[in-house]
Number of protein chains: 4
Amino acid sequence: MNKRGFASDNNAGVHPAILEAISKANDGHMVGYGDDPITKKAVARFKKEFGEDIEVFFAFNGTGANVLSLASFTQSFNSVLCAETAHIQVDECGAPEKLTGCKLIPIKTSEGKIFPEEIKKHLHGFDFEHHAQPGIISISQVTELGTLYTVDEIKAITELAHQYGLFVHMDGARIANAAAAQDLPFRSFTRDAGIDVLSFGGTKNGMMMGEAVVFFNTKHARFTKYIRKQSMQLFSKMRFVSAQFLAYFENELWKQNALHANKMALLLESEVAKIEGVTLTQKTQANGVFAIIPAEIIPKLQEQYFFYTWDESRSEVRWMTAFDTTEEDIYGFAKALKELL
Amino acid sequence: MNKRGFASDNNAGVHPAILEAISKANDGHMVGYGDDPITKKAVARFKKEFGEDIEVFFAFNGTGANVLSLASFTQSFNSVLCAETAHIQVDECGAPEKLTGCKLIPIKTSEGKIFPEEIKKHLHGFDFEHHAQPGIISISQVTELGTLYTVDEIKAITELAHQYGLFVHMDGARIANAAAAQDLPFRSFTRDAGIDVLSFGGTKNGMMMGEAVVFFNTKHARFTKYIRKQSMQLFSKMRFVSAQFLAYFENELWKQNALHANKMALLLESEVAKIEGVTLTQKTQANGVFAIIPAEIIPKLQEQYFFYTWDESRSEVRWMTAFDTTEEDIYGFAKALKELL
Amino acid sequence: MNKRGFASDNNAGVHPAILEAISKANDGHMVGYGDDPITKKAVARFKKEFGEDIEVFFAFNGTGANVLSLASFTQSFNSVLCAETAHIQVDECGAPEKLTGCKLIPIKTSEGKIFPEEIKKHLHGFDFEHHAQPGIISISQVTELGTLYTVDEIKAITELAHQYGLFVHMDGARIANAAAAQDLPFRSFTRDAGIDVLSFGGTKNGMMMGEAVVFFNTKHARFTKYIRKQSMQLFSKMRFVSAQFLAYFENELWKQNALHANKMALLLESEVAKIEGVTLTQKTQANGVFAIIPAEIIPKLQEQYFFYTWDESRSEVRWMTAFDTTEEDIYGFAKALKELL
Amino acid sequence: MNKRGFASDNNAGVHPAILEAISKANDGHMVGYGDDPITKKAVARFKKEFGEDIEVFFAFNGTGANVLSLASFTQSFNSVLCAETAHIQVDECGAPEKLTGCKLIPIKTSEGKIFPEEIKKHLHGFDFEHHAQPGIISISQVTELGTLYTVDEIKAITELAHQYGLFVHMDGARIANAAAAQDLPFRSFTRDAGIDVLSFGGTKNGMMMGEAVVFFNTKHARFTKYIRKQSMQLFSKMRFVSAQFLAYFENELWKQNALHANKMALLLESEVAKIEGVTLTQKTQANGVFAIIPAEIIPKLQEQYFFYTWDESRSEVRWMTAFDTTEEDIYGFAKALKELL
């Protein structure tokens with residue numbers, strides 16, 4: 001039996017409906033690299049969600065989708081502004097710098113979100129060739145700290161950016177959790193809020209693998225097909241990602257999965273909040289719970305359930321729920337935690 | 001119904017046994033990024049094939065595997081020597097240059113193979129800082145022209161390379177077809193023939209996706225895990241590639257698939273050889289058939305069967321067979337071709 | 001007549017002794033790219049200063065020297081830790097990221113210096129492939145805020161770095177000002193303090209152009225000649241930089257120039273300190289004076305003397321002195337400033 | 001006494017008029033990085049030569065100028081087509097690949113020149129994302145084999161390029177020798193012949209250092225100032241390059257120097273042609289003479305005069321003349337050669 005846990009939503013498997021779609025797509029010969037009917041349908045499905053005048057490119061993984069997004073809007077002398085906690089800053093082993101040549105500017109944050117006031121401090125040096133030219137702002141929705149931007153907060157960022165000639169990227173690795181938590185259509189807090197390009201994640205919410213780069217500012221999608229190929233994110237048998245996305249939208253599977261994961265996170269939060277010795281450090285707005293617990297019990301708890309330490313210096317841990325987290329997982333975990341404390 | 005064809009072995013779907021293995025791997029939670037029991041088994045399976053003292057890294061696609069290989073053995077001031085027809089030279093949109101910074105040196109070839117005599121012409125400028133330093137030779141087995149190196153030919157290259165302090169990479173996107181065609185164990189014409197690093201392909205022979213970078217010279221694998229992550233080739237739910245590789249080795253599925261594809265290519269060759277107006281241009285040693293046919297019939301034939309023009313200037317086409325090519329495909333195609341001529 | 005000013009020490013010209021050395025070097029044919037007798041002498045002069053077992057590479061400019069240093073000690077998956085005010089972070093248009101592929105980690109500082117406590121916060125994620133691997137720490141001596149590290153402060157950083165397996169680079173664009181201010185031999189606060197590689201600047205202290213990359217950890221100099229060529233920092237007529245360095249060391253010209261510039265900075269500091277409305281913001285330890293003055297007078301003052309605003313948000317300006325700054329420059333400037341206030 | 005020779009035109013020193021101009025430019029303070037009056041005059045001088053509507057950027061060296069040119073017209077997924085003998089292909093240690101990410105496509109040549117027929121063979125794969133997209137053609141005038149394109153030959157290339165949507169770069173490291181040899185204004189075989197961007201060399205013809213990147217297609221110069229800074233080619237005390245260019249154009253110094261070097265090459269050619277055992281391999285159209293001589297005498301001759309072996313495999317050597325080559329040099333060399341044969 002495999003150990004269950006709260007390490008990451010990508011420790012979960014694949015939703016059965018997704019697997020079934022993959023099987024169905026295995027139907028004889030199809031042209032490779034995305035020129036197949038399933039991919040065409042999947043792209044059409046994205047257009048239904050976001051509007052006809054978009055461009056969509058599928059990628060293997062989240063880092064790939066983020067890099068394709070950033071590379072399509074920057075040249076190497078640009079800088080990318082993001083939260084100091086952003087996945088592109090902390091968890092991609094420097095892929096954005098390597099692939100785009102750009103400088104990343106980490107912006108102070110306590111909750112994973114960045115705001116115009118802090119961003120503005122880095123909007124200088126324009127036209128001054130010694131300074132990496134501010135090129136794009138990247139925000140994460142859900143953030144890496146499990147928090148959410150409101151639509152107005154996003155608009156404030158995109159307005160600021162566009163006023164200065166910058167673009168805005170959204171890292172939506174957990175966009176389904178955001179949409180479900182706020183009960184909003186995807187479009188309302190992306191395209192309609194002024195986002196230029198979106199990494200639309202599938203892997204963390206029940207797909208096997210597959211992310212979509214969605215361009216609302218399609219002028220910058222002109223060369224993305226070459227960037228994708230050169231960045232090694234072009235899947236030869238692409239139908240097997242496209243079919244997953246079709247199933248993901250079918251009957252709002254994405255929403256069912258995300259609502260469930262979010263619900264489990266709230267349950268987890270409420271259960272651990274009852275336990276003395278646990279200090280919650282972030283608002284639980286999606287499917288992540290952050291807490292400080294005594295350092296000495298962390299390894300013992302990890303023997304029973306997977307999870308990661310988030311900030312060793314203050315003994316902060318991260319617990320992620322997924323589409324397949326069960327109430328038993330939560331209660332069992334809370335019990336184990338309580339016993340250790 | 002989907003149109004069948006001979007465009008590429010990646011236009012075929014996934015072998016049922018592979019799909020089944022994927023389903024089985026969908027068994028609850030597992031740690032991501034390769035630290036799961038299925039991946040451990042898959043790596044062990046590679047070690048059984050190639051020896052215990054190797055290092056193996058799974059990647060999403062062939063370009064990814066090639067770049068990981070080259071990047072692990074070079075610095076940006078090195079050059080990579082390869083056939084002018086090599087996939088890394090012609091079909092990867094400059095990914096090797098972009099990701100490694102290296103210069104690629106295309107070597108003249110008429111059959112997709114390169115030989116010491118031609119290679120030697122480029123082995124100069126050592127220690128001369130104005131000249132990109134020859135760093136690694138890359139050969140393809142099967143070549144992009146459907147031909148095969150003998151073990152001795154490979155050894156001649158690796159000996160030359162090592163004598164000059166260079167390394168040798170093998171692009172084995174179709175390595176199964178090579179092993180099957182020559183009835184040789186993988187090890188005999190890779191590790192035992194002096195190859196330093198191998199891109200071991202799965203996708204083109206019945207897997208959904210998945211390539212393995214196999215290091216025989218493990219000293220250079222030291223930093224590959226970082227290179228893989230930074231190159232966006234690290235799969236979070238890696239078990240779903242690992243499970244494919246396990247099934248691929250099980251009962252020598254790889255061999256059944258490859259033998260079949262190779263057999264179909266020989267059948268195709270013999271059928272089209274009978275047709276007046278068809279000139280075969282390469283020996284059919286694996287699963288590709290190359291021929292010159294009249295330019296005007298190409299689009300008409302393509303309406304019935306997928307395939308690509310290889311060299312427009314001389315009206316040369318490429319026909320690839322796959323694990324799922326049927327005799328009916330061949331006879332139907334030969335008939336259609338005959339009628340057009 | 002040219003306007004004089006305090007914009008930068010590179011707005012000054014070339015010391016006459018340097019010019020004369022250039023003229024003398026113009027003596028017929030010499031082998032290019034550094035294989036000439038003048039360059040050999042210049043390298044020997046550096047060895048006299050720093051020890052025989054070093055490696056020296058001349059470069060065109062400071063950004064070049066910094067990038068050669070960093071590139072020789074890193075791979076693209078590494079990170080470079082530096083003050084948030086570092087030249088490599090703020091004033092090189094992303095050259096380090098572009099050329100090395102590395103992530104730069106800016107560390108909080110109020111005075112341009114960084115300390116072990118803050119550095120340690122970023123020394124994590126080792127062996128974790130998602131995280132850019134901490135590779136090298138870069139400090140500036142003199143810092144970009146005109147302040148100086150003590151030898152002990154430098155040792156504390158190099159000890160920390162080496163303990164964690166990191167290297168330490170010193171950006172010594174103004175190293176002469178540091179040595180002169182502290183009356184220390186170059187070696188004492190570089191090599192002897194544990195520095196691995198040094199950008200030794202000449203341009204800002206009376207040379208026409210020319211920086212030296214000095215390796216104390218020579219193992220990492222093995223490929224620097226290729227990196228220099230590929231980074232476009234290899235000067236064909238190198239003797240004309242080498243001759244400058246020889247003159248620069250002759251009769252301690254570097255020291256005379258630096259002592260003078262430092263002295264002028266102290267004079268400037270004391271003069272402006274007397275003026276109401278001027279708030280000094282940094283200790284004047286070398287040849288830079290930092291002050292807050294009313295925003296509205298800045299453009300008026302700039303009409304009479306060149307200088308740059310350092311931090312627009314708080315109306316902070318930077319005034320640099322040079323080897324050719326005169327007391328008249330200082331008194332004239334102080335007078336102009338006083339009149340405007 | 002320094003050994004004289006024919007190794008390269010950059011083994012010569014600096015013309016006295018250039019040195020004098022440098023001295024004169026050493027006139028107190030001037031704003032750095034090109035915003036000084038001398039640079040403005042130098043740019044104006046280029047405009048007088050090539051037309052008002054151009055953009056000019058000074059760089060340190062030839063590799064720098066070439067990379068700035070190529071980088072301004074390409075993205076990383078493009079390819080650069082050039083002669084297999086081109087400096088960018090053979091002598092820049094992969095700088096173009098490293099800095100632009102592009103693939104270089106070497107085109108067969110026996111005389112250093114490329115022609116539409118051969119170029120066309122590489123103009124395919126447009127819009128096909130697997131193939132590096134042909135982006136720019138680079139030709140050298142004078143070529144690396146000492147030969148010259150006629151204006152019509154250049155026009156044939158630029159017409160072909162523009163017809164396919166490509167740009168054309170000219171590597172004019174020895175452009176003065178070309179202009180002098182053909183008695184043509186610079187403009188006639190660059191801008192007026194359809195060239196988009198030119199590396200205009202100074203270093204090899206009597207300057208200390210300094211190359212200019214001249215954009216005729218100024219749309220692509222939009223971001224070059226950032227590219228130059230990020231590529232470490234921005235000179236802080238730029239006036240000292242600008243002053244050289246002013247002197248270079250003054251009284252057509254460039255022409256005097258180039259005519260002399262060319263004349264010396266013709267004299268050298270005629271002298272060595274008389275010697276049995278010397279086979280000239282290229283037409284001497286500028287300042288380079290190429291010949292095959294017995295391999296065993298090469299090192300002996302090199303003891304007396306600097307020069308390089310060009311192609312070891314066939315014992316071919318290169319002899320370059322410079323602005324300061326004397327008739328005595330030629331006669332002495334021919335005598336030495338004769339004695340050895």
Side-chain angles (χ1 to χ4, degrees), chain B residues 31-36 39 55-59 64 67-68 70-80 95-104 125-136 165 213 219-238, chain C residues 31-36 39 55-59 64 67-68 70-80 95-104 125-136 165 213 219-238:
Chain B
V31 180
Y33 302 109
D35 202 13
D36 64 86
T39 301
E55 294 273 354
V56 185
F57 297 84
F58 298 144
V67 164
L68 291 193
L70 300 176
S72 297
F73 284 86
T74 55
Q75 295 199 53
S76 63
F77 51 78
N78 285 126
S79 61
V80 177
E97 285 92 344
K98 166 83 178 176
L99 272 287
T100 69
C102 292
K103 175 180 286 299
L104 264 70
F126 290 98
D127 206 37
F128 185 60
E129 72 218 78
H130 304 273
H131 197 68
Q133 297 294 296
I136 192 166
V213 183
K219 200 183 144 197
H220 281 265
R222 196 174 158 203
F223 300 121
T224 306
K225 71 174 184 175
Y226 305 113
I227 297 172
R228 177 172 61 177
K229 173 66 192 183
Q230 198 180 26
S231 302
M232 314 181 300
Q233 287 289 312
L234 180 61
F235 186 11
S236 58
K237 298 184 175 178
M238 198 184 285
Chain C
V31 180
Y33 303 107
D35 202 13
D36 64 85
T39 301
E55 295 272 354
V56 185
F57 297 83
F58 298 145
V67 164
L68 291 194
L70 300 176
S72 296
F73 284 86
T74 54
Q75 295 198 52
S76 63
F77 51 79
N78 285 125
S79 61
V80 177
E97 284 92 345
K98 167 82 177 178
L99 271 289
T100 68
C102 292
K103 176 181 286 298
L104 265 69
F126 291 97
D127 207 37
F128 185 61
E129 71 216 79
H130 304 271
H131 197 69
Q133 296 294 296
I136 192 166
V213 183
K219 199 184 144 197
H220 281 265
R222 195 174 159 203
F223 300 121
T224 306
K225 71 174 185 174
Y226 305 113
I227 297 172
R228 177 171 62 177
K229 173 68 192 182
Q230 197 179 27
S231 301
M232 314 181 302
Q233 287 290 310
L234 180 61
F235 186 11
S236 58
K237 299 184 174 177
M238 199 183 286

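Chain letters run A, B, ... following the sequence lines, proteins first, then strands; residues in each count from 1. For clarity, every value in this text was computed on a predicted model and none was experimentally measured.
Side chains of B:Phe77 and C:Phe223 form a contact here, defined as non-hydrogen atoms less than 4.5 Å apart.
Your options are C:Glu129, C:Gln133, C:Gln75, C:Lys229, and the one with the most heavy-atom pairs under 4.5 Å with chain B is C:Glu129. Considering only heavy-atom pairs separated by less than 4.5 Å from chain C, the leading option among B:Asn78, B:Leu234, B:Asp127 is B:Asp127.
Counting all heavy atoms, side chain and backbone alike, B:Arg228 lies closest to B:Met238 at NH1-CE, 3.6 Å.
In the model, B:Glu55 has no side-chain atom that pairs as donor or acceptor with a side-chain atom of B:Thr224 under 3.5 Å.
Note on ring orientation: taking the six-membered ring where Trp is involved, the planes of B:Tyr33 and C:His130 are perpendicular (angle over 60°, cut-offs 30° and 60°).
Heavy atoms of B:Phe128 lying under 4.5 Å from chain C belong exclusively to its backbone.
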